[in-house]
Amino acid sequence: MAAKVSTVMSSGGASSRRGPPTDQAGPAPGRERRLDVHVYIADSGALATGRAWERCVWREARVLIAECPAPHLPVSVENALRAVAADVARDRGWQGMGTVAFALDDRSGVFRVIDAEARAHAGAAVADCEPVAAHALEVRIDGCVDRRLPCTRLLVCGATRGEALRRAYRALSEMPGPAGVDRAFLMNRIASRAFCSGLTGTRLDQAVG
């Protein structure tokens, strides 16, 4: 599947860039995936992009589960996302670290930039935001329901996606604290057949209700 850029917004007065013409202005309802690509630009001007992190489960723009690499994401699409992320970083004159977020319809390959943000005083290389194993799962808990509470981040790695999912489920079940509703919701998502098969985002919500 070839990737198609429907619209990519750039900054600094630059005009919008358009890729091949498509019938859609973005992902179709119920088929949206959201992915983040980290970009690092060194003082020397050298630029590096990381693997795509997928926002697998989110609520009201709050990411509850993210994973890398994104499940069932074609290499051609990921390469296109990384290339666009690099262009956005160059257009905006970023120094250090930044993140470009995308919405993707993986049936058609249509994607668009939904956010681009540089990190103030970012000095870490993009490798510091990459998983230390073949697969990584980041789970955020405690602040999922009550936004006044701090959000605890749990990073779980594994040699395979299945191993990472099993470790995340076990870690959630053993985590101390009162966040029972949040923990039950996240454990239900991680253990669901739909999530284990690779469904994410709005597609996952449709499958598990």
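Quick caveat, the model's predicted, so the values are computed rather than measured.
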Which atom pair, heavy atoms only, marks the closest approach of V39 to A89? CG1-CB, 3.7 Å

Looking at F195, does the NZ or CZ of R161 lie under 6.0 angstrom from its six-membered ring centre and within 45 degrees of the ring axis? yes

For S173 and M187, the nearest pair of non-hydrogen atoms, with its separation, is CB-CE, 3.7 Å

According to a 4.5 Å side-chain heavy-atom criterion applied to Ile, Leu, Val, Met, Phe, Trp and Tyr, with indirect links allowed, do V63 and I65 form part of one hydrophobic cluster? no

Look at the side-chain heavy atoms of Ile, Leu, Val, Met, Phe, Trp and Tyr, link any pair under 4.5 Å apart, and say whether F111 and I114 land in one connected group. no

Measuring from atom CZ of R82 to atom CG of L35, what distance do you get when rounded to the nearest 0.5 angstrom? 12.5 Å

Judged by atom type as modelled, is there a donor-acceptor pair below 3.5 Å linking the side chain of E78 to the main-chain atoms of A52? yes

Flag the pair H135 / C68 as yes when at least one side-chain heavy-atom distance between them is below 4.5 Å, and no otherwise. no

So how far is it from W58 CH2 to D205 CG, rounded to the nearest 0.5 Å? 7.5 Å

All heavy atoms of P71 vs all of E54, minimum pair found to be CD-OE1, 3.5 Å

Which heavy atom of W94 sits nearest a heavy atom of A116, and at what distance? CZ2-C, 3.8 Å

Nearest 0.5 angstrom please: H38 NE2 to T49 OG1, how far? 11.0 Å

Which distance, rounded to the nearest 0.5 Å, do you find between the CZ of R112 and the CZ of F102? 11.5 Å

Would you check, one step at a time, whether the test side-chain contact (heavy atoms from CB on, under 4.5 Å) holds for V84 with V100? CA-CA 9 Å; V84 171; V100 181; 5.6 Å; no

Closest approach of V156 and A164, non-hydrogen atoms and distance? CG1-O, 3.7 Å

For the atom pair CG (L199) and CD (Q206), what is the distance rounded to the nearest 0.5 Å? 9.5 Å

Backbone N/O of G201 and side chain of R55: donor-acceptor pair under 3.5 Å: no

Run the side-chain contact (heavy atoms from CB on, under 4.5 Å) test on T99 and E117 for me, step by step, so that the C-alpha distance in whole Å, both residues' side-chain angles and the decisive distance to 0.1 Å come before the verdict. CA-CA 6 Å; T99 301; E117 183 176 358; 5.7 Å; no

Quick one: pull up OG1 in T200 and CG in L104 and give me the separation to the nearest 0.5 Å. 9.0 Å

What is the minimum heavy-atom distance between A101 and D36, and which atoms define it? CB-OD1, 3.2 Å

Heavy-atom side-chain contact between L165 and C196 under 4.5 Å: yes

